[in-house]
Amino acid sequence: MITAEKIVKRFDRFVALDGLDLNVPKGAIYGLVGPNGAGKSTIIRHLAGIYRQDSGKITIDGEEVYENPSIKQRMAYIPDDIFYFTQAGIKDMMEFYRGIYKNFDMERYNKMREVFALDEKRPMRKLSKGMQKQAAFWLAISMRPEILILDEPVDGLDPVMRRQIWSLIMGDVAENGTTVLVSSHNLRELEDVCDHVGVMNKGRMLLERSLMELQENVVKVQAVFPEGGGLPTGLKVMHTSANGKIQSYIIRGKSEEIETVIAAASPLFYDVVPLTLEEIFIYELGGANYEIKDFIL
Amino acid sequence: MINLNYRDNRPIYEQIKSGLIELVSAGGLKSGDKLPSVRDLATQLAINPNTIQRAYRELETEGYICSVPGKGSFVAETDELVKNRREALLVKFDEAAAELRGIGVTSRELIDRLEGGDKK
């Protein structure tokens, strides 16, 4: 269980985190999303115990993270910008980690050599960006972490490797119940792997739910109403758009209830579909004044 | 064996459910056969194990599969399965028939079509 309560972090005068709350249940795969500059990487660095908050409290299983080796030992963190010792190869880093992380699993490490066709002796700074990411996963998964914190994990990886990495993580989750927190802009991918989602904006948590709950509480309705007819009143409409005669609505509520109300207005045609994570992201942030502007160059 | 289609707007757990149901109906899995473990399927499809668990749980409630703790999930007795599938398909049939009649196809035409299908 990862908990952050009312976290405030300032860099000089800039407020990066403005009273952020975050809760990751044990065993969850939690997707952290938000526009650029929302503070995702900043909160992740706090959770990993790298930054120290100005105020608020961060705990993992009830213990504070900052300067707490016993918590950090159970956690693997893959940052967005990967950093290793100068001149160190993957093998050198493995030796180093093996001395620090008590769960480091040599058998796993050796087994995964097949997956990642990487030169273990070559200095890591000479590897390409994608290869460095692969190396980071190789090492992180070998640590057998209870908590895995990933900042833009598959950024820079080719499609085969992306899937390979997700498949390794999902296998590990199914086997060990690893708690995973992952930030990404690839919502399509997050939708497959996450069961919880937190949407951040401007240093705050905009909403935090289980994905199931999120998708079952907002629906997209496409309908064509007869002349003079229209959407019945009393529905919580978040967004409306029209394409010819077809009206599209984003409506808050349970799909069965909405369907009953709409069917009662006898539309010529209607369809109720669940929203994709990408649509939820756009509409929820649209409500928070972050939307796609009709801007023509 | 199970394909997830990202253009399909049904949730993933439903795609897994219908994938398995189709597989069973087509004879790819027979009653008593063991289903892939949650872990195997999660690794193979690179999706959240909880999603697969949810699909399995619903399949179990609907009588398609049964889970034996510690051993895995198995395809349920065929009779039960055929019965369930029959009901589900009849509901679909009724929906299609209702829509066809809505656009002016007469009952007679539908009956002729059904009987014609039998002769082939």
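Convention: sequence-line order gives letters A, B, ...; per-chain numbering from 1. Everything numeric in this text was worked out from a predicted model, so none of it was measured. Hydrogens, waters and symmetry mates are skipped; everything else that's a heavy atom, side chains included, is used.
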> Taking everything shown except Arg252(A) itself, do over 12 heavy atoms lie less than 6.0 Å from its CZ?
Replying inline: no
> Between atom OG1 of Thr43(B) and atom CG of Asp172(A), what is the distance when rounded to the nearest 0.5 Å?
Replying inline: 9.5 Å
> Say you draw a straight line from CD1 of Ile12(B) to CG of Leu211(A); how long is it, rounded to the nearest 0.5 Å?
Replying inline: 8.5 Å
>> Non-hydrogen contacts under 4.5 angstrom with chain B: give the residues of residues 253-265 of chain A involved, or none if there are none.
In response: none
> Between Asp195(A), Ile165(A), Val173(A), which has the largest tally of heavy atom pairs under 4.5 Å with chain B?
Replying inline: Asp195(A)
> How many angstroms lie between CG in Leu45(B) and CH2 in Trp166(A), if you round to the nearest 0.5 Å?
Replying inline: 15.0 Å
> Given that the side chain runs from C-beta out, which part of Glu279(A) has a heavy atom under 4.5 Å from chain B: side chain, backbone, both or neither?
Replying inline: neither
> Measuring heavy-atom distances to chain B, does Val193(A) have an atom under 4.5 Å in its side chain, in its backbone, in both, or in neither?
Replying inline: both
> For the residue pair Ala46(B) and Met170(A), what are the closest heavy atoms and their distance?
Replying inline: C-CG, 3.9 Å
> So, for Gln44(B) and Arg163(A), which heavy atoms are closest and what is the spacing to 0.1 Å?
Replying inline: O-NH2, 3.1 Å
> Would one find more than 12 heavy atoms of other residues, nucleotides or ligands at under 6.0 Å from atom CD of Glu278(A)?
Replying inline: no
> When heavy-atom pairs shorter than 4.5 Å are enumerated against chain B, which of Arg162(A), Glu191(A), Glu175(A) gives the highest number?
Replying inline: Glu175(A)
>> Going by side-chain contact (heavy atoms from CB on, under 4.5 Å), name the residues that satisfy it together with Asn243(A), two or more places apart in sequence or in a different chain.
In response: none
> With sequence neighbours left out, what residues match Gln132(A) under side-chain contact (heavy atoms from CB on, under 4.5 Å)?
Replying inline: Ile82(A), Leu127(A)
> What residues, two or more places apart in sequence or in another chain, satisfy salt bridge (charged side-chain N to carboxylate O under 4.0 Å, His left out) together with Lys34(B)?
Replying inline: none
